[in-house]
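In what follows, a single structure is set out as structure tokens and then discussed.
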2 protein chains.
Amino acid sequence: MQQSTKALLRLRQMILGGELDVDERLSEPKLVERIAVSRTPIRVALVKLEHEGLIEALPSGGYKIRVFNKQDVFDAIELRGTLEGLAARRAAENRPTRRALAGLARALTELDDILSGETLSEDDFSRYMNANATFHDTLLDLAASPVMREALARTVALPFASPSAFVMAQAGLPESHQILHIAQYQHHRLYEAIEAGESSRAEDLAREHARLAKRNLEIVLEQDPAVPNLPGLQLIKDAGAF
Amino acid sequence: MQQSTKALLRLRQMILGGELDVDERLSEPKLVERIAVSRTPIRVALVKLEHEGLIEALPSGGYKIRVFNKQDVFDAIELRGTLEGLAARRAAENRPTRRALAGLARALTELDDILSGETLSEDDFSRYMNANATFHDTLLDLAASPVMREALARTVALPFASPSAFVMAQAGLPESHQILHIAQYQHHRLYEAIEAGESSRAEDLAREHARLAKRNLEIVLEQDPAVPNLPGLQLIKDAGAF
DNA sequence: TATCGATTATATGTATACAACTTGAATACC
DNA sequence: GGTATTCAAGTTGTATACATATAATCGATA
């Protein structure tokens, strides 16, 4: 693996995992020490992370970790919903063959399978997260648009904007089972709409589906102040004041 | 100015202006020679341009200029329309005060003024382009969402996705006057919708407004094969085969 | 003559050196 | 006592050196 890749992955992990002080300048020499890579690949990673939106350049040089307020988070989710809506509409307009839909159908069946039990184990949540990611990714494939794929990839670079962001966080919540079933209901309807070429319906469903993530976030944050296992939560300013 | 900024601006100019061979690896030593800056800031610029989508990394290292097909271009325009639609909807939902709307109204009036004459000079097209950019930018201000602003900024980084992309290109076309009037009609209706808080209408109008750029592109490219003054056109594969 | 292989040349990725600048602190000054 | 001011330590931005990997060239062989 390239050193710059190592630096990027590690730095992202450090930022999302809360290993670095927010509101402080990211000192390159200190990062050199912690990541064990020279300044050059670290600077490459910093440039990339700025474009991702996880850090921001300081006027006097260098970077600092970016913090978001709750409106930013909601906007990011709304933005994802809009882009997935566009992709879903395009997917429906493309009138995919049964063969092209097979991947999406498979993800759907796996999600059904995971949710079939009475209760969900920690492992089930993890499986759900993966299968959910696959579903969303396969949907994007059906849109068959590199431009849209990139736009969406850039959007979900913000940690809480990802379709799978809050799945793990709600493991253990009493409402979780029901929420996941609602999400899966929406997945099914989305599949139907795309299969039938109902493009407007597909777009609306994808949008509303993303808004479920908003509700998830609200529910998770209303819980115990003992903050849940949500990577990147410390990047949200006043997370306790939700 | 920083060397890396100089390198970024110059490189972007070289790519869009067709000063570099497409389908060839961007040789860093040669760029050093042409831009008169060391490899370090050039590499920074290359990383940024890759994120912008203007160049792509080669599997064996280095970068090459990215080429787009017509579907990519249409998708980029559709994407911009979708994002501007989201911004317009949000702007309408925000119920801006008359004072907040003043900037948008001013851009609208200036556009009216430019179009008031019987014919349009080269200079008028240039003025239109600027005022049009201001209108779209001010609209984005009204959405008051950094997340959306960034998403749109990343989208219009593709040269032909910008709201002003085809304005200059159509200077001299017989249809141009009419097209600009239609665009301005849409601007007015968009303003009305935002002022009245008609969010769905605002969204639809913004989307359809972007699709006018698609028609512009089609018209411009159906013209004389003597390719018009459209920066970045050589990045579109088979532009002649439209 | 065309294709494969070895060798040379060149480019990329990384580390490091250096200069200009920023930041923090200590001291002088009001 | 509080505010400038100067100085030092540290940091960033840039240039360059070096090792490894890639591309090109030339020659050999089928």
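Residue numbering restarts at 1 for every chain, and letters A, B, ... go by the order of the sequence lines.
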Quickly work out the A:Lys64 NZ to D:dT11 C1' distance and round it to whole Å.
-> 18 Å

Send over the distance from B:Arg25 CZ to D:dT22 C1', rounded to a whole Å.
-> 7 Å

Tell me, with the steps shown, if B:Glu28 and B:Arg34 meet salt bridge (charged side-chain N to carboxylate O under 4.0 Å, His left out).
-> CA-CA 10 Å; B:Glu28 292 175 16; B:Arg34 293 185 63 173; over 6 Å; no

Could you give me the CA-CA distance, side-chain angles and deciding distance for A:Ile42 and A:Val32, then say whether side chain to side chain contact (heavy atoms under 4.5 Å, CB included) is met?
-> CA-CA 7 Å; A:Ile42 284 188; A:Val32 165; 3.9 Å; yes

Could you check whether the rings of A:His187 and A:Phe135 sit parallel, tilted or perpendicular, using 30° and 60° as the cut-offs?
-> tilted

Residue pair B:Thr134 / B:Arg106, side-chain heavy-atom distance below 4.5 Å = no

What pairs of residues pass the side-chain hydrogen bond (donor to acceptor under 3.5 Å, both in side chains) test when at least one of them lies in residues 73-88 of chain B, not counting sequence neighbours?
-> A:Arg89-B:Glu78, A:Arg90-B:Asp75, A:Ser145-B:Asp75, B:Gln71-B:Asp75, B:Glu78-B:Arg211, B:Glu78-B:Lys214, B:Arg80-B:Glu84, B:Glu84-B:His136

Would you say D:dT14 has OP1 or OP2 under 4.0 Å from some side-chain N or O of B:Ser4?
-> yes

Calculate the interatomic distance between A:Lys30 atom NZ and D:dA9 atom P; express it in whole Å.
-> 16 Å

Mapping A:Gln3 and A:Gly61 to their closest nucleotides on DNA chain C, which lands nearer the 5' end?
-> A:Gln3

Euclidean distance, atom CE of residue B:Met1 to atom P of C:dA20 [Å, nearest integer] | 19 Å

Mind calculating the distance between CD (A:Gln2) and C1' (D:dT20) to the nearest angstrom?
-> 11 Å

Exam field: side chain B:Gln234 to backbone B:Ile15, donor-acceptor pair closer than 3.5 Å = yes

B:Glu24 CD - D:dA23 P separation (whole Å) = 13 Å

Neighbours of DNA chain C within residues 33-60 of chain B, by heavy-atom distance under 4.0 Å = B:Arg39, B:Arg43

Can you tell me the distance, in whole Å, between the CD atom of A:Glu28 and the P atom of C:dT22?
-> 15 Å

In whole angstroms, the gap separating C1' of D:dG13 from OH of A:Tyr63 amounts to 10 Å

